[in-house]
Amino acid sequence: MYREFKHLHLPSIDAEIRQFWEDERIFEKSVEQRPTDKSYVFYEGPPSANGKPGIHHVMARTVKDLFCRYNTLKGYRVERKGGWDTHGLPIELQVEKELGITKEDIGKKVTVDEYNQACRSTVMRYKDLWDDITRRMGYWVDLDNPYITFKNEYIESCWWLLQQLYNKKTPAGESYLYKGFTIQPYSPAAGTGLSSHELNMPGCYKEVTDFSTVAMFKVRRNAVSAPLFQKDDEDLRILAWTTTPWTLPSNVALTVGPQIEYTKVKTLSPYTGAPVSVILAKDRVSAYFNPEDENQFLEGYSVGDKRLPYNIAQKGIKGADLAGVQYEQLLPTPAASTPELEANGFRVITGDFVTTEDGTGVVHTAPYFGADDFRASKAAGIPFIGIPNPKNPDLPFPLVDKQGKFVEEVPEFGGRYVKAEYYSKEVTSDREFKPTDLLISLRLKEDNKAFKIEKYKHNYPHCWRTDKPVLYYPLDSWFIRASAAKERMSELNKTINWKPASTGTGRFGQWLDNLQDWNLSRSRYWGVPLPIWRTEDGEEEICIGSVEEMSLEIDKAVEAGLMAENPYKSLIKSPEETFTQYVFTGDPAIWDTLKRYGRDHRKNPTEAEALLWETLRNRQVDGYKFRRQHSIGSFIADFVCIAQKLVVEVDGDYHNAAEQQDFDKARTFYLNNLGFTVIRFKNEEVLKGLGNVLGEIRRVLTSPPGPLSDGEGVTSPLAYTGKDTKGEVTPSPSERGPGGEVPGGEVDLHRPFIDDVILLSPTGRPMRRELDLIDVWFDSGSMPYAQWHYPFENQEVFRNNFPANFIAEGVDQTRGWFYTLHAIATMVFDSVAFKNVVSNGLVLDKEGNKMSKSKGNVVDPFETIAEFGADATRWYMMANANPWDNLKFDIGGILEVRNKLFGTLFNTYNFFALYANLDGFKMDESKVLPYDKRTELDRWVISKLYSLVAEYHEAMNDYEVTRACRAIEEFVDLHLSNWFVRLSRRRFWKGELNEDKTAAYQTLFECLMVTGQLMASVAPFFADWLYRNLTEPIKGAAKANNTPLRHDSVHLSDLTLPDPSKVDKDLEKRMDYAQRICSLALSIRKKEKLRVRLPLQKILLPVLDEAFIAEVDGVKDLILSEINVKQIEFITDASGLLKKGAKANFKTLGAKLGKDMKDAAALIANFSNDDINTLEQSGWLKVLIHGNEYTLTPEDLIVSTEDLPGWKVASEGALTVALDVTMTPDLQAEGTARDLVNRIQNIRKEKDFNVTDRVTVTLERHQAILAAVEKFHDYIKAEVLATDLVLADTVAGEKVELDDVVSVGIEVLIS
RNA sequence: AGGGCUAUAGCUCAGUUGGUUAGAGCGCUACACUGAUAAUGUAGAGGUCUCCAGUUCAAAUCUGGAUAGCCCUACCA
């Protein structure tokens, strides 16, 4: 029997199938059964488990999941190693929030160690939620053996990569990993640099009011500047605006836009009244001068006047002309003065970033305090200004120290904080207090160097921790010389298939073209430490590439007395140890907790446990060693014998609870996967029958070992296998000696432990680690290698899994993960990291707004999936818009998908099941009717199905899932349900199971089967449910005969491939005629108010071409029954009935006629029947347009039948249908008979009779139905399954409306 | 500031190498059909294809520009 269902409830299907998958390990099997040498490589971009999963994750993971599933079905082995991104700022923030500390407290209120531990336990905060959503949404990924970026192995791989970069040299001999210097946001109050991420946190940019100053830079007269002077002693100044006057002492250049036009203006100094000429951008003159004051007498001005008289002295000075002009230093700091600076500094340079939007069009340039300034100065060869640095003369110390104070050497302002906010409240609340910016401005004013001082409101970034303004400040950083690999990256990028392509060429490609070096440094605690040690003077350094290398170096350091001992010795593990650690300890994040629980429990054993332990301890049972409360993976087992892989559990009463039993089941499953045998005893069994219990344990101990020690390796294909998993298993880490408390113990590669390592330089000096961590993006970009601990292990595995065939992530990762993957792969392996990439868009709310907690428009994925099922949600997300377009998430859309696609398919299946069960039909793979034995309709739908298969594969191979989904939708709705099933209904419920009926079943079965397969990637639950329902009744036979339907799950099956032999395009065309003819005929009926039940005599079809008659004849019966007409008559031109019309075929004529096209179209539209016939018969026709003669051929016209005079006509394109609406008594009677059948059927339905119930029908003897009953007595009986049909004068049943006027009594009883 | 994506019916989206009447589904209205019923059919209403300019016999489609929304990167004297 096929299963039948009342209603479609997708969440129930989810639950049922999910359970099935878990019980039967379908995911694992789907991977394992595919050959290892035919792999399709997927990389999981790891989520961070410290945030909760959102609906957009469902979207992103659906994309990932479905292409993996698709390729699995195609026969590839698609291993999907999960991963967790565990480092980074969000985690630090979370931890600080929870510990109630700020960064300054690290190392004070809490130790770095404690902090580090807190990070460890926080990263997996929501792992359960993530695991849950993963299961619920049907995302298949291996979560048992994920890569975790904080693991020592992972870090070690990162180090190796860094060392590769360090050792790699550009042709110029420069290392790819180098220490450099950039201007970065820096918080003096917090004493740390900030990332752009931190600056973009909400509330960081604040509206503040600062003192802005337009300073006057006095031009030195020399060869370059001479053309600007009118008089030798002219006081000529360049105006430059700044909102940070504190940077003025550090000014070394003025930047102008090379194309910007500047103007020299003669005016008076507003603060002294002295005559002065100033240069500023022409477009900015109006900002400082009022046109009404132009050419006023300069003498009429007195200091303090609002209006400043001026006149334009010189126009059209190009910025480029100003380049090289030298000026006097504005605020000299004698201690910072150098000959070099005097020679090359204090001049005008050009920069493209200069605008005339505000200020004067001249940018005051202080290279240490602005990124643009820094770049422009460097490019122009301007020396930096600062207190001389004996070690590096090119990089003097800035005039502002790291606390944000002017250094003492700065005259007048030395020791002052540059920003008022850095002073304490007590200081600033003093009425005499003046901010440094103001003091500097006042100094300029006094010295006749200020043109304008005013308050200025603008957005300025603030430190999110201290809430105080940020400075842009020069900081040391480690960089990856990505710019050196720019060309190669671009080249390789061109080989990547981007979806959408524009992201690859545009967003990503152009970004590569302008690539800057990658700033790796982060001054933080929780991340991968930079493995570089340096002597204090930086002259000697070492970049460590492995733990082993470090350990050897440490040994040297220990010998030299720099370190007391080598704490990392224990980290160098044999492969067996590595294996043990991974397989037995599972997730380090919960390791500590487990250990503690275990210890606690050991102290408080239950009575039964204590009893059993007395007999198991000290190798009493055949010499086997048992451990108590031992952690395995994420569980604690009561008793474990590791040598024999035996777990013994002693269960209390609470294990009887259903919930607990489920949990126990899962746990057993997990342990089995790790190769353990699990046996359980109840407390009473131990207490009352210890002998039996021991006997059982003994039996299992001595029976053949589990699959793991069988030499097969770990049963999960994705498990971490190390180099050599055979042989004896070494003790788990909890049993290891002191110093080996890894993972999660005191020794790991994170700070602060790593900072204690001091290495010995070649010349015998101590080297300390560069304190920076690396950018977390390096972590994730390293995942192709680090997930396998390459190159230290798994070299073979890595080779088979690099590069990826496919990755997918949000488009916001373009310059994140996509870039770092690409950059590292290019620089270290000269390869792409991925061949195909889908970058999915955002999930917005219904209105197109970004989802955010504050707006309250966040969609909870758990709720959505619980309500509508995972499949409808997934399908909606894939079918509604391309994944790379933003999705406006609307529940209504899911509803639509559910009803339209899943509802329809569900109904279709249910329909199949209902009748197949009634008929006792079972699909028999050995007795499939050949297609040529089936009806036209069957062959048609099969043809459509295989056209769909072809289209589907084409779309999916091109990663166009939306196209694939829509094609399926169309097939299911339009072709399968609304044509095939509708027209086949009678075949299913009439008569015995004959060949035609079998053909109908088999055809429908095949359609459902294949459609389910095609859907399986996007809608994995429903598809499996469908497949299992369809195959369940014959599963046994299929397995026995090894036929295609033998698989337990659709996800284990082989995807149906395109088969051109099953596609019959001619047939599809014929059926297309049938559908269109029916549609036209029905539209006439509608217009003429002729209900479909009323039969009509005939339709007329004008013949379109020679093949037309034969084509339509093939589908004639379908048409006739669908539109309830008795016959089809074809008419040709010869009949003389047709009135034709013609339209120009623009495509062919356009090229020929050009400008005359329009007139020709008009001419052709007016062609008579004769014109058209002439053309059609002779094959050509000459026309004259504007004196040009053209020869028309039949292809140039689109001919259609316009009318059949005297008939009711409808037409669409070239196809025309005419309907004979003449009514005869016979037709009338037949119509009435059909009405009666309908009414009786309705009554059957109302009364809830079974489909097969036989009935007796009594009809009221009414004039209107007599003819019908007489003529169609048997027909009515047969249709309604009546044993008797009688007429009576009075009928007990209700009056039933037959039409507007007539009602008759009808009674239907089960006979 | 730079780069990218998007813009077509009330909504969600199609729209091939430019070709005449710009489509589908949902929603709305009316009618019909129904032993698949959380369905279905037919018909109707609903469009300045964001705007401007250009190329062309012909532009939703190609080119240039503008506008709006969003994303990424950078962040300014």
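In what follows, every chain begins at residue 1, and chains take the letters A, B, ... in the order their sequences are listed.
- Between Glu951(A) and Arg963(A) there is no salt bridge, since none of the side-chain N atoms of the basic residue sits less than 4.0 Å from a carboxylate O of the acidic one.
- The separation of C13(B) from A22(B), taken at their P atoms, amounts to 23 Å, rounded to a whole angstrom.
- Taking atom CD of residue Glu970(A) and atom C1' of nucleotide G25(B), one finds them 11 Å apart after rounding to whole Å.
- Nucleotide A74(B) has no partner under the Watson-Crick or G-U criteria, as no pair reaches both atom distances under 3.5 Å.
- Remark: the separation of the C1' atoms in A38(B) and C49(B) is 35 Å, to the nearest Å.
- Between the CD atom of Glu1122(A) and the C1' atom of U40(B) there is a distance of 11 Å, rounded to whole Å.
- Checking C70(B), A38(B), G4(B) against the side-chain heavy atoms of Asn899(A) singles out A38(B) as nearest.
- C5(B): Watson-Crick or G-U partner is G69(B), with both key distances under 3.5 Å.
- C33(B) sits 47 Å from C51(B) when the C1' atoms are compared, rounded to a whole Å.
- Judged purely by distance below 3.5 Å, without hydrogens or angles, the side chains of Ser250(A) and Thr247(A) never pair a donor atom with an acceptor atom.
- No salt bridge links Glu1279(A) with Arg1234(A); every basic N to acidic carboxylate O contact stays at or beyond 4.0 Å.
- With A36(B), C70(B), U6(B) as the candidates, the nucleotide lying closest to the side chain of Val981(A) is A36(B).
- If you take OH of Tyr819(A) and P of G3(B), they are 19 Å apart, rounded to a whole angstrom.
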Verify ring-ring contact (aromatic ring centres under 6.0 Å, His included) between Phe818(A) and Trp498(A), making sure each step is shown before the conclusion.
CA-CA 11 Å; Phe818(A) 295 157; Trp498(A) 283 83; 5.6 Å; yes
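- C76(B) and U48(B): their P atoms are spaced 45 Å apart (whole Å).
- If you look at Tyr2(A) and Phe912(A), their ring centroids are closer than 6.0 Å.
- Taking a pair to require two hydrogen-bonding distances under 3.5 Å in either a Watson-Crick or a G-U wobble arrangement, C28(B) pairs with G44(B).
- In this structure, Phe889(A) reaches neither bases nor backbone, as no heavy-atom distance under 4.0 Å exists between it and the strands shown.
- Residue Arg966(A) has its side chain nearest to C13(B) when only A36(B), C13(B), U12(B) are considered.
- At the heavy-atom level, Ser502(A) lies under 4.0 Å from the strands shown only through sugar-phosphate atoms.
- For the pair Asn1124(A) CG and A32(B) C1', the computed distance is 14 Å after rounding to whole Å.
- Annotation: U67(B) and C26(B) have their P atoms spaced 39 Å apart (nearest Å).
- Listed nucleotides C71(B), A77(B), U6(B) differ in distance to Leu842(A); the shortest reach to its side chain belongs to C71(B).
- U37(B) is unpaired under the Watson-Crick or G-U wobble criterion, no partner having all donor-acceptor distances under 3.5 Å.
- Of the candidates A14(B), A36(B), C13(B), A36(B) carries the atom nearest the Arg982(A) side chain, counting heavy atoms from C-beta on.
- Residues Trp241(A) and Lys452(A) have side chains not in contact (no heavy-atom distance under 4.5 Å, counting atoms from C-beta outward).
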Please report the C-alpha distance between Phe211(A) and Thr243(A) in whole Å, then the side-chain angles of each, then the deciding distance to 0.1 Å, and finally whether the side-chain contact (heavy atoms from CB on, under 4.5 Å) criterion is met.
CA-CA 6 Å; Phe211(A) 286 99; Thr243(A) 56; over 6 Å; no
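- Taking the centre of each ring, Phe902(A) and Phe1022(A) come in below the 6.0 Å mark.
- If you check every strand for non-hydrogen atoms under 4.0 Å, Gly1150(A) touches a base.
- Comparing the same atom, P, in A14(B) and in A24(B) gives a spacing of 16 Å after rounding to whole Å.
- Of the candidates A36(B), C26(B), A77(B), the closest approach to any side-chain atom of Lys900(A) belongs to C26(B).
- Asn910(A) comes within 4.0 angstrom of no nucleic acid atom, judged by non-hydrogen atoms across all strands.
- Here C57(B) presents its C1' atom at 11 Å from NE2 of His1186(A), a figure rounded to the nearest Å.
- The nearest whole Å value for the distance from the NZ atom in Lys499(A) to the C1' atom in C5(B) is 15 Å.
- Checked by distance alone, Ser977(A) brings no side-chain donor or acceptor within 3.5 Å of a matching partner on the base of A39(B).
- Taking every side-chain heavy atom of His364(A) into account, A77(B) is the closest of G19(B), A77(B), C70(B).
- Under the Watson-Crick or G-U wobble criterion, with both distances below 3.5 Å, G54(B) is paired with C62(B).
- A donor-acceptor contact under 3.5 angstrom links the side chains of Asp919(A) and Tyr1001(A), judged on distance only.
- Taking atom C1' in both U61(B) and U50(B), the straight-line distance is 16 Å, to the nearest Å.
- Atoms CZ (Phe369(A)) and C1' (C75(B)) sit 18 Å apart, rounded to a whole Å.
- Closest approach to the Asn907(A) side chain among A77(B), U40(B), A36(B) is made by A36(B) (side chain taken as heavy atoms from C-beta onward).
- Along RNA chain B, the nucleotide nearest Gly370(A) and the nucleotide nearest Leu1149(A) are compared for position; the residue whose nucleotide lies closer to the 5' end is Leu1149(A).
- The side chain of Tyr472(A) approaches C76(B) more closely than any other nucleotide in the set C71(B), C76(B), A77(B).
- The 5' end of RNA chain B is approached more closely, in terms of each residue's nearest nucleotide, by Phe980(A) than by the other of Phe980(A) and Lys1158(A).
- G3(B) and A74(B) have their C1' atoms separated by 11 Å, with the value rounded to a whole Å.
- Nucleotide U16(B) has no partner under the Watson-Crick or G-U criteria, as no pair reaches both atom distances under 3.5 Å.
- Counting only heavy atoms from C-beta on, Lys1155(A) has its side chain closest to C57(B) among C57(B), U40(B), C13(B).
- Among the atoms of the strands shown, only primed sugar atoms or phosphate atoms (P, OP1, OP2) are found under 4.0 Å from some heavy atom of Glu896(A).
- The phosphate of A14(B) (OP1 or OP2) has a side-chain N or O of Asn882(A) nearer than 4.0 angstrom.
- Taking 3.5 Å as the limit, the base of U6(B) and the side chain of Lys888(A) contain no donor-acceptor pair of atoms between them.
- The interatomic distance linking Phe818(A) (CZ) with G4(B) (C1') rounds to 14 Å, in whole Å.
- Asn1238(A) comes within contact range of the sugar-phosphate backbone alone, with a heavy-atom separation under 4.0 Å but no base atom that close.
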